[in-house]
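These notes are about the structure you will find just below.
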Amino acid sequence: MTVLLAATAAGCGISPTGPVHAGAPASGIRQPGTEAHSVRLYFAGPYGIRSVSRPTDRPLSPQRALDLLLEGPTPAERDRGLITQVPPMAGQLTATTTKGAVDVLVPGEVGSGDLDVTTVSQIACTAAHAEVPGNEPATQVDIRIHENLTRSRTPWTVRCGPNGNVTPVTG
């Protein structure tokens, strides 16, 4: 019994040590009382449409989110294989919001009636995940694409699906 008591008191052979460096402090946890915002942008990847989140200092409007989309992926995003199919049109792609909807005007030289589905998905899903009045879930936000207004004034409406692909709104 004395041996058992002596072994327990000795700490089972573990010698005392000082503090041991174990790497960087924890990250990813916000300090209480601070609000964090991010914007979700959609790019094309080797396996389809992929979303990325970028930190922002405030919620962004669809116009500002589309402006970031037009800047293209960051070097780190490109390293992950992400690219953009949206043609250059800085300052020409415009978005206006109403409750639960975003109207996106595509410039005439781009809107020739043949925007591919990847381009439309990138634009529509980025706009739908921005700050839209009405606080609808992104999958319920109507994105009305006004393409090449010199041909037709009738927009076509899509919604961003849960996987980042657009589906037409009918009815």
Side-chain angles (χ1 to χ4, degrees), residues 23-31 34-149 155-169:
S27 64
I29 299 173
R30 304 272 178 220
Q31 183 178 16
T34 63
E35 286 191 39
H37 299 282
S38 64
V39 64
R40 190 178 296 182
L41 306 177
Y42 284 79
F43 293 108
Y47 304 106
I49 299 294
R50 295 288 178 253
S51 68
V52 298
S53 291
R54 292 191 189 165
T56 63
D57 58 350
R58 63 189 175 346
L60 297 184
S61 68
Q63 179 65 58
R64 184 64 187 121
L66 289 173
D67 290 344
L68 286 175
L69 177 69
L70 289 172
E71 292 175 12
T74 64
E77 293 161 351
R78 283 192 301 274
D79 287 346
R80 291 177 27 213
L82 300 178
I83 60 170
T84 184
Q85 296 293 335
V86 179
M89 54 180 138
Q92 300 174 15
L93 182 66
T94 60
T96 56
T97 59
T98 58
K99 186 176 179 180
V102 180
D103 286 280
V104 177
L105 292 103
V106 179
E109 59 273 7
V110 174
S112 60
D114 59 357
L115 291 176
D116 71 15
V117 70
T118 301
T119 302
V120 173
S121 293
Q122 283 187 255
I123 292 170
C125 290
T126 295
H129 281 89
E131 185 76 10
V132 178
N135 293 325
E136 299 291 332
T139 56
Q140 297 300 310
V141 174
D142 286 342
I143 306 298
R144 296 185 290 251
I145 307 287
H146 299 265
E147 193 179 12
N148 198 353
L149 294 179
W156 40 282
T157 305
V158 295
R159 286 191 179 158
C160 181
N163 295 328
N165 293 311
V166 294
T167 55
V169 174

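Numbers here are sequence positions counted from 1.
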Quick check: closest heavy atoms across P87 and L70, and the distance to 0.1 Å? O-CD2, 4.0 Å
In terms of heavy-atom contacts, P62 and V132 come closest through CG-CG2, 4.0 Å
Specify the closest pair of heavy atoms between G100 and E136, including all atoms of both residues, with the distance to one decimal. CA-CG, 4.0 Å
Heavy-atom check, side chain of H129 versus side chain of L41, under 4.5 Å: no
Take I143 and T157, measure what side chain to side chain contact (heavy atoms under 4.5 Å, CB included) needs, and give me the verdict at the end. CA-CA 5 Å; I143 306 298; T157 305; over 6 Å; no
Drop me the distance from L60's CG to H37's NE2, to the nearest 0.5 angstrom. 9.5 Å
When rounded to the nearest 0.5 Å, the distance separating CG of L68 from OG1 of T56 is 9.0 Å
Check whether any side-chain heavy atom of F43 sits under 4.5 Å from a side-chain heavy atom of I83, and report yes or no. no
Evaluate the salt bridge (charged side-chain N to carboxylate O under 4.0 Å, His left out) criterion for residues E77 and R54: first the C-alpha distance (whole Å), next the side-chain angles of each, then the deciding distance (0.1 Å), finally the verdict. CA-CA 11 Å; E77 293 161 351; R54 292 191 189 165; 2.7 Å; yes
Nearest-0.5 Å distance that lies between atom CZ in R50 and atom OH in Y42: 11.0 Å
From the options T126, V166, V158, N163, select the one residue that forms a side chain to side chain contact (heavy atoms under 4.5 Å, CB included) with S121. V166
Please assess V120 against W156 for the test side chain to side chain contact (heavy atoms under 4.5 Å, CB included), listing each intermediate value before the final yes or no. CA-CA 11 Å; V120 173; W156 40 282; 3.6 Å; yes
Could you tell me the separation between the CG atom of D142 and the SG atom of C160, rounded to the nearest 0.5 Å? 12.5 Å
Taking P73's backbone N and O only, do any of them form a donor-acceptor pair with R78's side chain (distance below 3.5 Å, no angle check)? yes
Would you mind reporting whether P155 and I145 have side-chain heavy atoms less than 4.5 Å apart? no
Given V52 and R80, is the side chain to side chain contact (heavy atoms under 4.5 Å, CB included) satisfied, shown in steps? CA-CA 11 Å; V52 298; R80 291 177 27 213; 3.8 Å; yes
Please round to the nearest 0.5 Å and tell me the distance separating atom CG of L66 and atom CD of Q122. 10.5 Å
Specify the closest pair of heavy atoms between A44 and T118, including all atoms of both residues, with the distance to one decimal. CB-CG2, 3.8 Å
Heavy-atom pair with the smallest gap, counting every atom of P59 and E131: CB-OE1, 3.4 Å
R144: which of D103, T96, V102, V104 passes side chain to side chain contact (heavy atoms under 4.5 Å, CB included): D103
Shortest non-hydrogen pair, I49 vs G164, comes out as CG2-O, 3.4 Å
Can you measure from SG (C125) to CG (N165) and round to the nearest 0.5 angstrom? 7.0 Å
Check: P133 and T98 side chains under 4.5 Å, non-hydrogen atoms: no
Short side-chain to backbone donor-acceptor contact, S53 and R40, under 3.5 Å: no
With no hydrogens and no angle check, is any side-chain donor or acceptor of Q63 less than 3.5 Å from a backbone partner on L93? yes
